[in-house]
Amino acid sequence: MSQTSKHIVGISGSLRKGSHNTLLLQQAQKFLPEEYRFTLADISQIPLYNQDDESNLPEAVKQFAELCHSADGFLISTPEYNHQISGVLKNALDWVSRPAVQTPLVLKPIAIMGSTMGMGGTARAQTNLRNLLFAMNMDPVNRPEFQLSQAHLKFDESGALTDENRLKILQQLIENLAAKVGQR
Ligand SMILES: Cc1cc2nc3c(=O)[nH]c(=O)nc-3n(C[C@H](O)[C@H](O)[C@H](O)COP(=O)(O)O)c2cc1C
């Protein structure tokens, strides 16, 4: 692996098979520089946060925390559930925001995006998520904002995003993330 190789960890806020947010992450990773590695985190086995378990961390939490420690940057794609990010995403972030896992998120670059099947495109959920990034002392990419509405109409059968305008914005977002990660 080259010395400039960086590792980006992607987190989807939807566990749904065929999730558009997961598809979006798979699309986005194609815009990373060739020497960057990308890993899609599996947060499906992470139990509900319980402070009592911090003294004996669940295996899925340990694995997720290790993955986060190995990350130079993060990319989150979130759905919008009742104007907020999903519970599974908030739960996973809560676990790795804690000193018990040496808070592997602090000061790390992160880009966010999201998709809905309705018209909203996750604008409200992303505002909510940006507050969380501040609370967790992360280093967010602020622009461009990326929202995908009517997601069920915007992917082809192979799972590729077909909206040319969104693709350009997505590429810019990922280039900005890579630039921020590269400066560290
Ligand atoms: C519990 C729940 C609440 C939702 N609330 C909203 C909402 O507030 N705004 C919105 O635009 N879509 C809402 N949706 C629709 C989801 O954002 C939409 O299904 C999204 O595409 C799911 O992402 P996925 O394709 O990655 O699974 C909600 C869906 C669920 C299951």
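Heavy-atom basis, side chains included; hydrogens, waters and symmetry copies ignored. The residues of the chain are indexed from 1 along the displayed sequence.
Expressed to the nearest 0.5 Å, how far CG of Asn128 lies from CG of Asn82 amounts to 11.5 Å. Note: Arg166 CZ to Ser115 OG = 11.5 Å, rounded to the nearest 0.5 Å. To the nearest 0.5 Å, the span separating OG1 on Thr122 from CG on Leu129 amounts to 9.0 Å. In this structure, Leu75 CG and Ile112 CD1 are separated by 10.0 Å, a value rounded to the nearest 0.5 Å. Between the NE2 atom of His69 and the CG atom of Leu105 there is a distance of 8.5 Å, given to the nearest 0.5 Å. Of the inter-residue distances, the one linking Ile11 atom CD1 with Asp42 atom CG reads 11.5 Å to the nearest 0.5 angstrom.
In terms of modelled atom types and a separation under 3.5 Å, the side chain of Asp156 and the main chain of Ala160 share a donor-acceptor contact. Between the Ser149 side chain and the Gly121 main chain, no donor and acceptor come within less than 3.5 Å of each other. With Thr127 contributing its side chain and Ala123 its backbone, the two residues share a donor-acceptor pair below 3.5 Å. Judged by distance alone, with hydrogens and angles left aside, the side-chain atoms of Tyr36 form a donor-acceptor pair with the main-chain N or O of Ala178 at under 3.5 Å. Under the 3.5 Å distance criterion, the side-chain polar atoms of Lys108 are left unmatched by any main-chain donor or acceptor of Phe74. For Trp95 (side chain) and Pro47 (main-chain N/O), a donor-acceptor pair under 3.5 Å exists by modelled atom type. Side chain of His7 to main chain of Ser70: a donor-acceptor pair is present (N/O by atom type, distance under 3.5 Å, no hydrogens or angles). A side-chain donor-acceptor contact under 3.5 Å links Asn91 to the backbone of Tyr49. No side-chain donor-acceptor contact under 3.5 Å links Thr39 to the backbone of Ala41. Under the 3.5 Å distance criterion, the side-chain polar atoms of Arg98 are left unmatched by any main-chain donor or acceptor of Ala100.
By the neighbour-count criterion of 12 heavy atoms within 6.0 Å, atom CZ of Arg184 is densely surrounded, having more than that number from other residues, nucleotides or ligands.
Residues Ile43 and Ser12 share a closest heavy-atom pair of CD1-O, 3.6 Å. Shortest non-hydrogen contact noted between Thr103 and Ser97 is CG2-O, 3.0 Å. When all heavy atoms of Asp52 and Asn50 are compared, the closest pair comes out as N-OD1, 2.8 Å. For Leu24 against Leu161, the heavy-atom pair with the smallest separation is CD1-CD2, 4.1 Å. The shortest non-hydrogen separation linking Cys68 to Pro104 is CB-CG, 3.6 Å. Closest non-hydrogen pair, Val88 versus Gly13, comes out as CG2-O, 3.4 Å.
Here the side chains of Met113 and Leu173 are in contact, with some heavy-atom distance below 4.5 Å. Contact annotation: the side chain of Ile169 approaches that of Asn165 to within less than 4.5 Å [non-hydrogen atoms, C-beta and beyond]. With a 4.5 Å cut-off on side-chain heavy atoms, Val181 and Leu177 count as touching. Proximity of Val96 to Met136: side-chain heavy atoms (C-beta onward) are nowhere separated by under 4.5 Å.
Between Glu175 and Gln171, the side chains place a donor N or O and an acceptor N or O closer than 3.5 Å (distance only, hydrogens not considered). Of the N and O atoms on the side chains of Asn21 and Ser19, not one donor lies less than 3.5 Å from an acceptor on the other residue.
When hydrophobic clusters are built by joining Ile, Leu, Val, Met, Phe, Trp and Tyr residues whose side-chain heavy atoms come closer than 4.5 Å, directly or via intermediates, Phe146 is grouped together with Ile8. One hydrophobic cluster holds both Ile46 and Leu89 under the rule that ILVMFWY side chains link at heavy-atom gaps under 4.5 Å. No path of Ile, Leu, Val, Met, Phe, Trp and Tyr side chains, each step under 4.5 Å between heavy atoms, connects Leu148 with Tyr81, placing them in separate hydrophobic clusters. Val106 and Phe64 fall into different hydrophobic clusters, where Ile, Leu, Val, Met, Phe, Trp and Tyr side chains are chained together by heavy-atom contacts under 4.5 Å. Side-chain heavy atoms closer than 4.5 Å link hydrophobic residues (I, L, V, M, F, W, Y) into clusters, and following such links, even through other members, never connects Phe31 to Val9.
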Margin query: Could you go through Glu80 and Ile85, starting from their C-alpha distance and side-chain angles, then the distance that decides it, and tell me whether this counts as side chain to side chain contact (heavy atoms under 4.5 Å, CB included)?
Written below: CA-CA 5 Å; Glu80 182 167 294; Ile85 65 168; over 6 Å; no

Note to self: With salt bridge (Lys or Arg N to Asp or Glu O under 4.0 Å) as the criterion, how do Asp139 and Lys180 come out once you've worked through the C-alpha distance, each side chain's angles and the decisive distance to 0.1 Å?
What the structure shows: CA-CA 9 Å; Asp139 182 12; Lys180 200 182 247 300; 2.9 Å; yes

Next item on the list: Please test Gln172 against Lys168 for side chain to side chain contact (heavy atoms under 4.5 Å, CB included), starting from the C-alpha separation and ending with a verdict.
Entry: CA-CA 6 Å; Gln172 188 63 62; Lys168 277 192 201 125; over 6 Å; no

Next item on the list: Begin from the C-alpha positions of Ile76 and Leu93 and carry the test side chain to side chain contact (heavy atoms under 4.5 Å, CB included) through to its verdict.
Entry: CA-CA 11 Å; Ile76 287 180; Leu93 293 176; 4.2 Å; yes

Next item on the list: Report the C-alpha distance between Asn142 and Arg130 in whole Å, list the side-chain angles of each, state the deciding distance to 0.1 Å, and finish with yes or no for side chain to side chain contact (heavy atoms under 4.5 Å, CB included).
Entry: CA-CA 9 Å; Asn142 290 326; Arg130 284 193 189 275; 3.6 Å; yes

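Ion pairing of Lys90 with Asp94 is present here, as a side-chain N (NZ or NE/NH1/NH2) and a carboxylate O approach within less than 4.0 Å. A salt bridge is absent between Glu35 and Lys6; no separation between the charged side-chain nitrogens and carboxylate oxygens falls under 4.0 Å.
Side-chain rings of Phe155 and His20 approach one another, their centers coming within less than 6.0 Å.
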